[in-house]
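Naming convention: chains lettered A, B, ... in sequence-line order (proteins, then strands); numbering from 1 in each chain.
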Amino acid sequence: MSWIWFHKLASPPHGYRIAGSLAAWFGWPAFILIIAGLYGGLVLAPADYQQGDAFRIVYVHAPSAWLSMFIYGTMAVAAAVGLVWRIKLAHAVAAASAPVGASFTFLALVTGAIWGKPMWGTWWVWDARLTSELLLLFLYAGVMALRASIDDRDRADRASAVLAIVGIVNLPIIHYSVYWWNTLHQESTLTKIGKPSMAGEMLWPLLVMLLGFTLYYGAVLMVRLRAEILRRERDASWLRTGAGS
Amino acid sequence: MTATPLLSAAALIYRRDLLLAVRHWGQAAQPLMFFAMVTTLFPLALGPNLDDLREIAGGILWVAALLASLIGVELLFRADHADGTLEQMMVSGQPLAMLALAKGAAHWTVCGLPLVLISPLIASGLGVPSAAICTLMLSIGLGTGILSALGAIGSALTLGLRRGSLLLSLLVLPLAMPALIFGARAIDMAIHGESARGPLLLLTAMLMLAVTLAPPAVAAALRISAE
Amino acid sequence: MNEFFAMGGYAAFVWPCFLLAAIVLVWNVVAARRLLNAAQNRVLRSIDTGKGRR
């Protein structure tokens, strides 16, 4: 089996060009899907029986929470690929993904907390999922802080890769522990966020938003990746021979 | 010249680290003093009522042990890195993961074990009944073991960095939270007379996982940091 | 229309969430493009200064 295509992909000038076109291929569908999802969620979907119109927050909260975890997973996989096969581009993907993932973790946390206020009466509840998101934010912060503290780019790449992998191994343990911890200390049965029984008209906007957000991440990643490639390849000759616009 | 068998090499490292710690016992005692001081902060802050303190004793003891372990772990590789011993270990031909395991074990013996031994004394100051002491020591023992392993990873990653100790804490604390949840819960259950077998078994499982997976991660991190 | 904005009384919670989401989505795009522009400019500048040597 010829792995040439794989290594071609990993070569920076190719990666740079491909990322350029992929950005548009991801970006425009993402934009359309998000607009459609917003319309479906805010206008078309009926109000929830228990939570009223407040449940509509799910249309931004759930996609953010999904992205926060999906991006961490992508980052960890890219980090592993970079470590094992020593592919610089993979490290670039990991580096580019971290801030994006952190921003969505933050969004998931804040929207979750805001949603909690009318439902539970306080701005913060140690709900299992919110607490998990908080710990995820700490994990992101750690990876970004480590990368920022190391001047040598190669060492920074590999160190944050190890940390990202350690983090992803820990993630299931953290999820389980926090869930267990929360059920233990819960005094009353609280309405769980995100679990109104979803009728079809409520569900499809959510799926559309999930897909839209994911494609959006793809687009942003491509743009950041191009910047990363340029930064890392600063002195390479292929830049001078007019790589893509 | 015959190569040193792996276990002898590991034992050598273990003994050496213990010896060094004994010689610099002032430094080795710092985590212990920190543990004692932090646990004293809480009665001072919350009032001397033992009944109140007993309710949160599990949490206090565990958080204090966690923070004390972080203090101790930063020095794990620093001295060896500074004087070139670490490089010697890396080119020695012995599996670096095993040597890391030996160093980790020595570190636990010097930093973690004293915490376990002093915990009954500290705990009685927080109103913990003597029936809970056994669980307490087990919980702290397993927990500090997990923390030594996690801390070793963090220490290896941040080797030689400016403000490495603060960064180290930021990296290790989120990873340590599951152990904290179950460790504190175990003590809590024992205080209330329930059997803490569940959380203790989970802690044991986490320790097994840590002892198996951390040494290779530490070895990888050491190579990354020291090259 | 007013009913839509009132969001069944939950407007104070719903709209800030969507606003924040919009900010995050826009920020990510803007930041990414700014990074790319800066990187591209740096490369162009280094090519220009290098041209004299060739």
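Neither the backbone nor the side chain of A:Ala47 comes within contact range of chain C; no heavy atom of the residue lies under 4.5 Å from a heavy atom of that chain. Neither the backbone nor the side chain of C:Ile23 comes within contact range of chain A; no heavy atoms are under 4.5 Å apart. Residue A:Phe213 touches chain C through its side chain alone, counting heavy-atom pairs closer than 4.5 Å. Interface remark: C:Arg42 contributes side-chain atoms only to the contact with chain A (heavy atom separation under 4.5 Å).
Residues C:Leu35 and A:Arg231 form a side-chain contact, since some pair of their non-hydrogen atoms from C-beta on lies under 4.5 Å apart. In this structure, the side chains of C:Val14 and A:Trp115 stay at 4.5 Å or more apart for every pair of heavy atoms. A 4.5 Å side-chain heavy-atom check between A:Leu38 and C:Phe18 finds at least one atom pair inside the cut-off. Looking at heavy atoms from C-beta onward, A:Val223 lies out of side-chain contact with C:Val29 at the 4.5 angstrom threshold. Side chains of A:Phe104 and C:Leu25 form a contact here, defined as non-hydrogen atoms less than 4.5 Å apart.
Heavy atoms only, all atoms of each residue included: A:Ala227 and C:Ala39 are closest at O-CB, 3.9 Å. Residues A:Leu42 and C:Trp15 share a closest heavy-atom pair of CD1-CZ3, 4.1 Å.
When each of A:Ile34, A:Leu221, A:Val100 is checked for heavy-atom pairs under 4.5 Å with chain C, A:Val100 comes out on top. Ranking C:Val24, C:Leu44, C:Asn28 against chain A, the residue ahead of the rest is C:Asn28, based on heavy-atom pairs under 4.5 Å.
Other residues, nucleotides and ligands contribute more than 12 heavy atoms inside 6.0 Å of the CH2 atom of A:Trp124. By the neighbour-count criterion of 12 heavy atoms within 6.0 Å, atom CH2 of A:Trp28 is sparsely surrounded, having that number or fewer from other residues, nucleotides or ligands.
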Name every donor-acceptor pair, under 3.5 Å, that has one atom in a side chain of residues 64-75 of chain A and the other anywhere in the protein, sequence neighbours excluded.
from, atom 1, to, atom 2, distance (Å)
A:Ser64, OG, A:Val60, O, 2.4
A:Trp66, NE1, A:Thr214, OG1, 2.9
A:Ser68, OG, A:Ala65, O, 2.6
A:Ser68, OG, A:Glu133, OE1, 3.1
A:Ser68, OG, A:Glu133, OE2, 3.3
A:Thr74, OG1, A:Phe70, O, 2.8

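Under a 3.5 Å cut-off, the side chain of C:Tyr10 and the backbone N or O of A:Gly52 do not form any donor-acceptor pair.
We find the CG-OG1 distance between C:Leu19 and A:Thr111 to be 12.5 Å, quoted to the nearest 0.5 Å. Rounding to the nearest 0.5 angstrom, the gap separating the CG atom in C:Asn37 from the CZ atom in A:Arg226 is 10.5 Å.
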